[in-house]
Amino acid sequence: MKVTKNIDSYNFGAKIEGIDLSKELSEEQINEIRQAWIENQVVFFPNQKITNEEFARFARYFGDYGEDPYLKAMPEHNHIVEVKRSAKEKTSPFGGTWHSDWSFLKNPPAMTLLYSKIIPPVGGDTLFASTKDACIDLEPSLKDSIKDLSGVHSAMLPYADDGFYATELEDRSMNIVTSKKAKAMQNHPIIKEHNESKLDTLFVNPVYTVGIDSKSDDEAASLLASLYEHILQDKYIYRHKWTEDTLLMWDNRSVMHMAEGGYDGHDRLLHRITIAG
Ligand code: SIN
């Protein structure tokens, strides 16, 4: 197995080759992949021809399936969600604003995996931002001033009955289910220790972090805006340009991500599985 880091000079993310994911893997191979994933935060395996069952078997090497609220799985597999947008669709790309998956849950997923099936000839990249590296570089006095604060997370902005997906459900090919329950709140420390690497991360994101416990809305909005400005500097970003038949997995505890558009008139389809935190 060969791990290539610093692709296109990015500071994180790695390509893994020399392994066939359609085959069962040994414990040694699984451990090696797990280490590479924690260290590099985003890893991808190009040129993998795998079935739904092989994709699911690979994902389950890393834990139990995660909870996937607000998205219906594909009929052929209970735990695979189709991330799709058709050539004729005019909706915003699903996941098109910076977020970490399901951060409004008590236990957000540790890992998300995407397997690319149909990739447009232009656009449709996925961007990742390292909230771990951004946290390491945070100015010490700022870090100290936020170390005891908790972010308030909720699914309300996208998934409530009046949320932004609710307004365009009819026109979307993705199977999204909005709900009143999306207004529930869940607190997480803003500086969250990664439970495997033990490194601190900045656990906030513009889609699901709707406030800061014990701060006014204005104070919270201003602090969050300055944290996002810090995290979204080029040096903390990895841009993934897809090719078909690539399996990519990210550490949802140490990166935010967003899906870019720019491919109107073309189909895009990826299969997605989350693994519980
Ligand atoms: C997501 O946020 O899970 C979607 C990412 C993508 O489609 O690139």
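Order of listing sets the numbers, starting from 1, for every ligand and every atom in it.
- For atom 4 (C) of ligand 1, the closest non-hydrogen atom of the protein is Phe94 O, 4.0 Å.
- Heavy-atom proximity to Arg272, at under 4.0 Å, picks out these atoms of ligand 1: 3 (O).
- Taking the centre and axis of the six-membered ring of Tyr65, the NZ or CZ atom of Arg60 falls inside the cone set by 45° and 6.0 Å.
- Backbone and side-chain nitrogen or oxygen atoms of Asp125 are examined, and none is located within less than 3.5 angstrom of a nitrogen or oxygen of ligand 1.
- For ligand 1 and His99, the ligand atoms under 4.0 Å from any heavy atom of the residue are 2 (O).
- Regarding atom 7 (O) of ligand 1, its nearest protein heavy-atom neighbour is Arg268 NH1, 2.8 Å.
- Heavy-atom proximity to Gly95, at under 4.0 Å, picks out these atoms of ligand 1: 2 (O).
- Residues Tyr208 and Trp98 keep their aromatic ring centres 6.0 Å or farther apart.
- No salt bridge links Lys117 with Glu82; every basic N to acidic carboxylate O contact stays at or beyond 4.0 Å.
- The distance between the ring centers of Phe55 and His271 does not fall below 6.0 angstrom.
- Applying the 4.0 Å criterion to heavy atoms of Val83 picks out, from ligand 1, the atoms 7 (O).
- The aromatic ring centres of His153 and Phe203 sit less than 6.0 Å apart.
- Of all the atoms in ligand 1, the ones that sit under 4.0 Å from a non-hydrogen atom of Thr126 are 6 (C), 8 (O).
- The residue from Arg85, Lys241, Arg239 that alone fulfils the salt bridge (charged side-chain N to carboxylate O under 4.0 Å, His left out) condition with Glu260 is Arg239.
- A ring-centre distance under 6.0 Å is found for Phe58 and Phe45.
- Taking any N or O of Trp250, backbone or side chain, none lies under 3.5 Å from an N or O belonging to ligand 1.
- The protein heavy atom nearest to atom 1 (C) of ligand 1 is His257 NE2, 3.6 Å.
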